[in-house]
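Here is how names work: the chains are called A, B, and so on, in the same order as the sequence lines, proteins then strands, and each is numbered from 1.
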Amino acid sequence: MSNVLILADFSADKATKTTAELATAAARIGSVTAVVLAGAGKGAALAATVNQGPITNVLVIESDDFANHGVPASADALAAVIKEKSPAAVLIASHAFGKEVAARVAVLTESGVITDAVDVAADGTATQLVFGGSTTVHSKVSHGVAVITVRPNSIEADFSTSSPAIENGAASISADAKKATISSSQPPVKGGRPELTEANIVVSGGRGTDGNFSAVESFADSLGAAVGASRAATDAGWYPHSHQVGQTGKTVSPQLYVACGISGAIQHRAGMQTSKTIVVVNKDPEAPLFDIADFGVVGDLFNVLPKATEGVLAKK
Amino acid sequence: MKIAVCVKQVPDSWAEKKMVNGVLDRENVDAVLNDLDEYAVEEALRIAEAHGGNDEGGPHTVTVISMGPERATEAVRKALSMGANDAILVSDSALAGSDALATSSVLAKVIAEGGYDLVICGTESTDARMSVVPAMISARLGWAQLTFASHVTVDPAGKVSITRVTEAGVDQISAAFPVVISVVEKINEPRYPSFKGIMAAKKKTIEQKDLAAVGVSAQSSWSQVKDATPRPPRAAGVKVTDEGNGGEALVNFLVEKKLI
Ligand SMILES: Cc1cc2nc3c(=O)[nH]c(=O)nc-3n(C[C@H](O)[C@H](O)[C@H](O)COP(=O)(O)OP(=O)(O)OC[C@H]3O[C@@H](n4cnc5c(N)ncnc54)[C@H](O)[C@@H]3O)c2cc1C
Ligand SMILES: Nc1ncnc2c1ncn2[C@@H]1O[C@H](COP(=O)(O)O)[C@@H](O)[C@H]1O
């Protein structure tokens, strides 16, 4: 049976749900080794959190270069593992870091790369939704190792507990990969709500909130949802940039997306239009987002949302 | 400083896009300068202006580099009308349908020949949406990678510092020339070309090169599209007007859809 690598994805020193999703997709192709890139002395603790999904082996590589030099150092180390193990494919989470690691790994290993896959089949064929979700594309890498980045929350993960065999490897990082140095890093502020890209439900607010996100947040909390924002709201400083949904923010694809006081500019749609169900609350009946809404309420969000919040809480 | 800006011509964001034989049909849509690349052009001009400018005979130059069909001259011309000095456009029929790996190898070769200190890209092309070309250029050239920058400071003595903003947080990163930068859209407000700028751009040089002139051979794409099917457009569903019961109607919809 062929072997497949995944680059384990972490947030706040814990393997994310995305790691299990990558493993689930990878296991269709072959036996899964999760590569854990960790700071010196931190590998065992990180590896211990990689315990969900069909993972057979964990390969821990420790080096402080990952924290000090970021993407290029991580890509070098992963490329070295690929050259040694010749896997059938490498699956990486599709976010800025993952895509850039994939980009460099593809160059270093002379391999084709596919980004933003929403599904991966046993023969390595990747499914992508392109042009704002209007077209489904199936593509396949035809040279080298298939380097594929997979969008979080797209694959139904097998969360069964795994107890993979843990081995350690040496970091192989070139001088070129250390040319840029990270002097400080500030992780994103995490609230108590689910992660945007991992959430089943996302409730977003736009300029229509006029800076007051309390109605949006209360409704989100009643649903156990993550909170998103349009660029108008993040630009105004009403909500952190890390919550922006759209072309230059995050791409989300939840079961339910509720847009409140958001008009529906193409750049916003680019980040949410593959959501399974879309609900829109907007006082302008002509707002373009209504065109793609499964359910729309023409009304003031400050009237509609509190009643909806009450209604949801009453059903529980 | 010699600054290069990589810009791509893309179909207008609003245009309906179609795949023909596994590649994007670029012939029959309105094409524009990738809007995220306007921020890259703007940042290049600001960096030059902060240190004495890029006027003729001035200390700095901003060169636009693009790979694309001949009609990409329109997008390149827009970057020139914003104030870039000159441009190189690589056009060759053998490049049609290139993937990011092929594109980055051509761009890297052009950049390597030019002896630049800084290369500035957008973070993403709005058609491919891969966000990989800047990292690939950096890997190919062995230059420092300073990507997803929301702020750039350049010490003309040869040091560049950026603030990187991604979902993983905010990092301060620095490196010595030569570097590959990509900029996010929060970094600046791109200028509109002035009438003077548009007139001046007509006289600026766009050096057109084919693959032989660049000195690389065509690389076939390393990933293949097997099929592309349009998905049924999302149809608008139910729309109710709130007359006091909009919230309730919303909840009923969620219950009906088994979302709560
Ligand atoms: C390069 C580039 C990248 C971009 N990237 C992104 C991106 O990633 N994400 C993004 O979102 N945008 C992005 N944008 C911006 C985008 O073009 C829009 O400007 C933005 O999405 C608008 O946000 P909005 O819908 O909140 O505001 P508006 O367009 O101003 O819409 C506000 C809406 O709220 C409604 N409203 C007002 N008051 C109420 C109320 N009390 N109750 C109910 N409804 C109300 C109004 O009717 C209106 O429809 C980008 C733009 C550019 C140029
Ligand atoms: N054909 C091209 N010509 C010039 N620059 C390009 C080209 N393709 C991509 N780029 C640059 O790389 C950035 C990221 O593109 P991409 O990786 O395709 O999303 C763009 O914003 C451009 O700055």
Side-chain angles (χ1 to χ4, degrees), chain A residues 71-72 95-97 99-100 103-104 106-108 111-115 125 131 133-144 176 179-188 223 241-242 248 250 255-256 266 277 279 290-299 303-305 307-308 311-312 315, chain B residues 13-14 17 19 99-101 104 126 129-132 135-136 138-140 142-148 165-175 184-186 222-231 233-234 236-242 246-251 253-255 257 259-260:
Chain A
V71 169
H95 40 44
F97 174 83
K99 284 188 184 189
E100 291 201 322
R104 297 185 71 102
V107 168
L108 294 168
S111 300
V113 60
I114 293 172
T115 55
T125 298
F131 311 147
S134 67
T135 306
T136 305
V137 167
H138 291 108
S139 39
K140 209 173 163 183
V141 166
S142 53
H143 194 278
D176 279 349
K179 283 182 174 163
T181 301
I182 302 175
S183 57
S184 78
S185 287
Q186 208 186 312
L223 294 165
H241 173 63
S242 53
T248 49
K250 287 181 175 158
Q255 293 298 322
L256 171 64
I266 193 140
T277 301
V279 169
F290 280 123
D291 297 346
I292 59 165
D294 299 287
F295 190 79
V297 182
V298 180
N303 296 331
V304 176
L305 293 184
K307 294 228 169 83
V312 171
K315 298 272 176 218
Chain B
S13 304
W14 285 104
K17 290 166 220 164
M19 302 281 285
D99 63 1
L101 286 150
S104 64
T126 53
R129 302 204 59 198
M130 291 185 76
S131 291
V132 294
M136 286 179 176
S138 153
R140 289 190 187 283
W143 291 9
Q145 175 181 323
L146 299 174
T147 46
F148 287 86
V165 242
T166 68
E167 70 292 319
V170 180
D171 301 325
Q172 304 300 327
I173 316 183
S174 56
V184 301
E185 100 295 351
K186 301 223 182 261
W222 286 352
S223 55
Q224 257 70 47
V225 171
K226 299 207 301 191
D227 56 71
T229 0
R231 301 209 309 159
R234 279 194 102 103
V238 186
K239 187 153 98 181
V240 301
T241 301
D242 180 37
E248 203 182 316
L250 202 171
V251 175
F253 171 79
L254 298 182
V255 171
K257 286 276 162 184
L259 287 160
I260 46 173

Novice: Pick from B:Ala139, B:Ala100, B:Ala175: which one has the most heavy-atom pairs with chain A under 4.5 Å?
Specialist: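 Most pairs with chain A among the choices: B:Ala139.
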
Novice: Side chain, backbone, both or neither: which part of A:Leu223 has a non-hydrogen atom closer than 4.5 Å to chain B?
Specialist: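 The side chain, not the backbone.
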
Novice: With a 4.5 Å cut-off on heavy-atom pairs, point out which of B:Arg129, B:Glu167, B:Arg140 contacts chain A the most.
Specialist: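 Most pairs with chain A among the choices: B:Glu167.
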
Novice: When only pairs under 4.5 Å are counted, which of A:Thr115, A:Thr181, A:Asp176 shares the most heavy-atom pairs with chain B?
Specialist: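 Going by pairs under 4.5 Å, I would pick A:Thr181.
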
Novice: Quick check on B:Ala249 against chain A: is it the side chain, the backbone, both or neither that has a heavy atom closer than 4.5 Å?
Specialist: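 Contact with chain A involves both backbone and side-chain atoms of B:Ala249.
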
Novice: Does a side-chain heavy-atom distance below 4.5 Å link B:Leu259 with A:Gln255?
Specialist: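 Touching, per the 4.5 Å side-chain cut-off.
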
Novice: Checking heavy atoms, do the side chain of B:Leu250, its backbone, both or neither come under 4.5 Å from chain A?
Specialist: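 For B:Leu250, backbone and side chain are both near chain A.
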
Novice: Evaluate the side-chain contact (heavy atoms from CB on, under 4.5 Å) criterion for residues A:Thr277 and B:Phe253: first the C-alpha distance (whole Å), next the side-chain angles of each, then the deciding distance (0.1 Å), finally the verdict.
Specialist: CA-CA 11 Å; A:Thr277 301; B:Phe253 171 79; 3.8 Å; yes

Novice: Looking at A:Pro72, A:Pro187, A:Ser185, A:Gly144, which makes the most heavy-atom pairs under 4.5 Å with chain B?
Specialist: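 The candidate making the most pairs under 4.5 Å is A:Ser185.
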
Novice: Donor-acceptor pair, distance only, cut-off 3.5 Å: does the side chain of A:Thr135 make one with the backbone of A:Phe131?
Specialist: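 Absent.
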
Novice: Any chance NZ of B:Lys239 has more than 12 other-residue heavy atoms, nucleotides or ligands included, within less than 6.0 Å?
Specialist: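 Counting neighbours around NZ of B:Lys239, more than 12 heavy atoms of other residues, nucleotides or ligands fall under 6.0 Å, so yes.
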
Novice: With chain A, which of B:Ile173, B:Val225, B:Asp227, B:Thr166 has the greatest number of heavy-atom pairs at distances under 4.5 Å?
Specialist: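 Looking at each option in turn, the highest pair count goes to B:Asp227.
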
Novice: Taking everything shown except B:Glu248 itself, do over 12 heavy atoms lie less than 6.0 Å from its CD?
Specialist: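 Not buried by this count: 12 neighbours or fewer within 6.0 Å.
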
Novice: Say whether, by atom type as modelled, one donor and one acceptor occur between the side chain of A:Lys179 and the main chain of B:Gly142 under 3.5 angstrom.
Specialist: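 Answer holds: yes.
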
Novice: With sequence neighbours excluded, what pairs up with A:Asp291 under the side chain to side chain donor-acceptor pair (under 3.5 Å) test?
Specialist: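 With neighbours one apart ignored, the set is empty.
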
Novice: Shorter than 4.5 Å, heavy atoms on both sides: which option in B:Ala144, B:Gly246, B:Ser174 has the most such pairs with chain A?
Specialist: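 Among the listed options, the one with the most contacts to chain A is B:Ser174.
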
Novice: Side chains of B:Ser131 and A:Glu100: is there a donor and an acceptor less than 3.5 Å apart?
Specialist: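 Distance-only check fails for B:Ser131 and A:Glu100.
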
Novice: Among the options B:Asp171, B:Val132, B:Thr241, pick out the one with the most heavy-atom pairs lying under 4.5 Å from chain A.
Specialist: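 Answer, by heavy-atom pair count under 4.5 Å with chain A: B:Asp171.
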
Novice: Among A:Ala293, A:Gly112, A:Ser142, which residue forms the greatest number of heavy-atom pairs with chain B at distances under 4.5 Å?
Specialist: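 With the most close heavy-atom pairs to chain B, the winner is A:Ser142.
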
Novice: Count the heavy-atom pairs under 4.5 Å between each of A:Gln186, A:Arg104, A:Lys307 and chain B, then report the option with the highest count.
Specialist: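 Counting heavy-atom pairs under 4.5 Å, the top option is A:Arg104.
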
Novice: Under 4.5 Å between any side-chain heavy atoms of A:Ser134 and B:Arg231, yes or no?
Specialist: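 Not in contact.
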
Novice: Side chain, backbone, both or neither: which part of A:Val279 has a non-hydrogen atom closer than 4.5 Å to chain B?
Specialist: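 Contact with chain B is through the side chain of A:Val279 alone.
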
Novice: Consider only side-chain N and O atoms of A:Thr248 and B:Glu185, and report whether a donor and an acceptor are under 3.5 Å apart.
Specialist: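 A pair is found: one side chain offers a donor N or O, the other an acceptor, under 3.5 Å apart.
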
Novice: Need one label for A:Lys99: side chain, backbone, both or neither, based on atoms under 4.5 Å from any heavy atom in chain B.
Specialist: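 Both parts, backbone and side chain.
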
Novice: Between B:Val240 and chain A, which part of the residue has a heavy atom less than 4.5 Å away: side chain, backbone, both or neither?
Specialist: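 B:Val240 touches chain A through backbone and side-chain heavy atoms alike.
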
Novice: Highest number of heavy-atom pairs under 4.5 Å with chain B: which of A:Asp294, A:Thr125, A:Leu108?
Specialist: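 Winner by heavy-atom pair count: A:Asp294.
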
Novice: Out of A:Ser242, A:Ala103, A:Gly299, A:Ala106, return the one with the most heavy atom pairs under 4.5 angstrom to chain B.
Specialist: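 With the most close heavy-atom pairs to chain B, the winner is A:Ala103.
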
Novice: Check whether any side-chain heavy atom of B:Lys257 sits under 4.5 Å from a side-chain heavy atom of A:Phe295, and report yes or no.
Specialist: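 Not in contact.
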
Novice: Highest number of heavy-atom pairs under 4.5 Å with chain A: which of B:Thr147, B:Ile260, B:Val184?
Specialist: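 Result: the option with the highest number of such pairs is B:Thr147.
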
Novice: Name the region of B:Pro230, side chain, backbone, both or neither, that has any atom closer than 4.5 Å to a heavy atom of chain A.
Specialist: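 Both backbone and side chain.
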
Novice: Counting only heavy atoms closer than 4.5 Å, note whether A:Thr136 contacts chain B via side chain, backbone, both or neither.
Specialist: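 Contact with chain B is through both the backbone and side chain of A:Thr136.
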
Novice: Is the closest side-chain heavy-atom distance between A:Val298 and B:Asp242 below 4.5 Å?
Specialist: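 No, every pair of side-chain atoms sits at 4.5 Å or beyond.
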
Novice: Tell me, side chain or backbone of A:Val113 under 4.5 Å from chain B's heavy atoms, or both, or neither?
Specialist: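 Both backbone and side chain.
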
Novice: Using modelled atom types only, decide if a donor and an acceptor are shared between the side chain of B:Gln145 and the backbone of A:Val71 within a distance under 3.5 Å.
Specialist: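 No: the side chain of B:Gln145 does not pair with the backbone of A:Val71.
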
